[in-house]
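First comes the structure, then the notes that go with it.
Heavy atoms only: backbone and side chains are in, while hydrogens, waters and symmetry mates are out. These figures come from a predicted structure and were not determined experimentally.
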Amino acid sequence: MTGPPVPQPQVARARAHRVRHQDFGGLSPPPLGGWTPTLTVTVVIPAHGRQETLDLTLAALAAQTYPAGLTDVVVVDDGSAVPLRLPEITPARTRLMSGPPGGWGRAHALQAGIEAATGEVVFVLDADMVPHRGHVEAQLRWHHLAPYLVTLGWIDFTSGDRLPSPARVRAAVRDGEEGSLFPLSPLRHDWAEKIIDDHDGLRAAPSSLAGRVHVGATAAYPAALLRSIGGLDTSLVLAEDTELGYRLTQAGAVFVPDPDSRAWHVGLPTAMRDVAGLKRFNDPYVADRVPYRRYLRADAGRQWRVPYVDARVPAGSYEDVRATVDALLAGGVPDIRVTVTGPWASLDAGRRSPLRDPDLDLRLVHATFAHDPRVRLTDAAPWEPAGDPGRPPAGTPVVAPFRLLVPPGWVVARDTVERLVGRLEEHDGGVLCLALEETPEETVEETVEGTAAGVVVARLERTSALSRAALVAEPGEHPDDVLDELFGLEWLDGAEWGFTRRPPVYPPRRRPPGEAERLAARHQREITLLRKRTAALRAEVAQLRRQAGRSERAAARWREKAETWRREAVRLARARERTILRRAVRRVRGLAFPDP
């Protein structure tokens, strides 16, 4: 398994520091003002209207500590009703350009600025941001340490009711008095700051979570890395930062929030003004493009633009490939895409013997899956990195976060893929190697296409780990050694995780049933129906018996109560009779013996 070549200056910087997972704690950025920068940076500012705040943004950039000779600024006017202009106070090397025709929105304008940028680092800043004096320097110092870091600034919000003049902003930033420019709003990006705080400043964040804090209002990217993934998805008018953060993760990026890179956000963003409305709008677009948001993909039977797992099956015999692909598609992960790799371009329509065609198996596989939207037939290698800084692709490639390589002829249980992904996510691992069976040593070449050192192997790989390894691997270094160092490589027993050989006959034979079989099936259905009816009658009889038993017990209780009441009535009658008799005796005695 080998990745593409990476430009040597980037590799030289990467060799000094290999960040494991997200733990950039081993990097030691220099103190502000105590180092000598060398990287050039282009600050890209997309803007639609907002001339007043743009003037403040440019005034603050004119007083930055990062060397002006290494900095240029590109302002992209995204079709403002009143065309934007460059104010009097701007950085020395600032230019204004209009967004190209054929699109609109922040992503469209930002992509135009990225394509026009000449710096080694692209620094994105929104037109309503007022950066502090060391804002650019604080982020750029990280980029001198490794070529795959994405830095994020720290945002303070203000109501923006009364704006200072550009001259006041430049003077305050130059003198380090930025805190006096605006009143501080109590509102913050609480959700992002909570993720950062809960994960040791993002150093302990899992790969699937780190990119969520990517808020593009202030962020800096290695230009080569940004271009290698195609830049922004210009079809989006909102949620473009969320989608870009996902693809940067797959390209191997490490996200570094820097609290020293502070900036004012003038006014409140849409995310704070209308949270419910923004979520309602974004959810369909994010669900289609960001597989990590599992809760947005709860609908059974749906297909999505970006799959969660990209399963790779090398071409082989028709029966082997079909069995493997069928099992993968029938598994418990609905958003899986299966890629069958092989020499499909070699198939032609020329005259041939249909049954003795040397490419017969390849043709049968093609006929079976060519029109299934869940299956791709490609000539590409089973493994390819998410981004190659030396070869900018056209558009934004579709990249799944997990890649599963299964040798043809092996089938998985329904829950196998889901369990394996859960295992990889639990440990934030890079690769799971599943030993399937041993093979004769003399017939095996060490390769990633299903065999390794005499063992047939299936592999589940994390895309971001593959990309990071490709960025930092030195010539002659085995990729699995780099993967193990950066993310971890674990060996498992394939049988324990649901891998088995396909049945000897595949697909199963299906022939029309005979008359006896049809009668037997009909009788079996009738017997089953009668059994169900019998069970229902038995249940009804049991219910009636329970009711009768309850009635008998109730009658017994009433008889007992009646006997108790009868006895009480007799007792009361006798007591009444005794009372009447005593009264009569007293009356008779009174008549016989009157008082003197």
Side-chain angles (χ1 to χ4, degrees), residues 2-29 38-41 114 117 119-124 139-153 201-214 216 219-231 244-258 261 384-393 396-397 399 401 428 430 461-475 477 479 481-488:
T2 58
V6 181
Q8 288 304 309
Q10 294 186 4
V11 173
R13 283 190 284 134
R15 285 174 185 163
H17 301 289
R18 291 186 174 184
V19 176
R20 181 174 171 82
H21 300 292
Q22 256 286 134
D23 188 8
F24 54 86
L27 302 178
S28 300
T38 59
L39 292 177
T40 58
V41 57
I114 292 171
E120 297 168 274
V121 177
V122 173
F123 196 116
V124 173
Q139 293 192 45
L140 263 292
R141 58 182 174 169
W142 292 95
H143 289 269
H144 286 70
L145 303 179
Y148 48 85
L149 304 183
V150 172
T151 53
L152 309 171
L202 213 62
R203 297 174 186 87
S207 302
S208 57
L209 180 65
R212 287 195 63 179
V213 303
H214 175 253
Y221 317 87
L225 183 66
L226 187 58
R227 293 189 177 111
S228 75
I229 63 172
L244 180 60
Y246 166 76
R247 281 189 294 114
L248 286 167
T249 298
Q250 306 318 309
V254 172
F255 294 87
V256 181
D258 191 335
S261 181
E384 54 197 17
D388 177 356
R391 296 180 297 146
T396 54
V399 182
D428 199 25
E461 304 168 328
R462 185 184 295 276
T463 303
S464 58
L466 299 177
S467 300
R468 181 91 58 80
L471 289 171
V472 306
E474 299 183 17
E477 198 172 11
D481 293 337
V482 184
L483 285 167
D484 190 24
E485 178 185 349
L486 296 176
F487 284 86

### Query
Does the side chain of L209 come within less than 4.5 Å of L202's, by heavy atoms?
no
### Summary
Distance col, row W142:CH2 vs L145:CG, nearest 0.5 angstrom, shows 7.0 Å
### Task
Considering non-hydrogen atoms only, spot the tightest contact between A251 and L471 and give its length.
O-CD1, 3.6 Å
#### Entry: side chain to side chain contact (heavy atoms under 4.5 Å, CB included) partner of V150, chosen from L248, V254, V256
L248
### Query
Going through the distances and angles, do S207 and H21 end up as a side chain to side chain donor-acceptor pair (under 3.5 Å)?
CA-CA 7 Å; S207 302; H21 300 292; 4.9 Å; no
### Message
Contact between E485 and R20 at the side-chain level, heavy atoms closer than 4.5 Å - yes or no?
### Response
no
### Message
If you apply the rule side chain to side chain contact (heavy atoms under 4.5 Å, CB included), what do you find for Q139 with V41, and how did you get there?
### Response
CA-CA 11 Å; Q139 293 192 45; V41 57; over 6 Å; no
### Task
Looking only at non-hydrogen atoms, find the nearest pair between D428 and A205 and report the distance.
OD2-O, 4.4 Å
### Query
Would you say R141 and D258 make side-chain contact, with heavy atoms under 4.5 Å?
yes
### Task
Over all heavy atoms of both residues, which pair between G119 and A223 is shortest? Give the atoms and the distance, please.
O-CB, 3.5 Å
### Message
Please check this pair: side chain of E120 against backbone of L39, looking for a donor-acceptor N/O pair closer than 3.5 Å.
### Response
no
### Task
Quick one: closest heavy-atom pair of V124 and G216, and the distance?
CG1-O, 3.4 Å
### Query
Under 3.5 Å, side chain of R227 to main-chain N/O of I114, donor-acceptor pair present?
yes
### Message
For F255, give me all partners under ring-ring contact (aromatic ring centres under 6.0 Å, His included), at least two apart in sequence or on another chain.
### Response
none
### Minimum side-chain heavy-atom gap F123-L140 below 4.5 Å
yes
### Residue pair L486 / R18, side-chain heavy-atom distance below 4.5 Å
yes
### Task
Please report the closest heavy-atom contact between H214 and A219, naming both atoms and the distance.
NE2-CB, 4.4 Å
### Query
Tell me, do L244 and Y221 make a side-chain contact under 4.5 Å, heavy atoms counted?
yes
### Query
Any side-chain heavy atom of Y148 within less than 4.5 Å of one from S467?
no
### Check: V121 main-chain N/O paired with H143 side-chain donor or acceptor under 3.5 Å
no
### Message
Testing the 3.5 Å rule here: is there a donor-acceptor pair between the side chains of Q250 and S464?
### Response
no
#### Entry: Reported CZ-to-CG distance for the pair R247 and L226, which is rounded to 0.5 angstrom
8.5 Å
### Message
Please check this pair: side chain of R462 against backbone of F487, looking for a donor-acceptor N/O pair closer than 3.5 Å.
### Response
no
### Query
Heavy atoms, side chains only, cut-off 4.5 Å: are R212 and Y246 in contact?
no
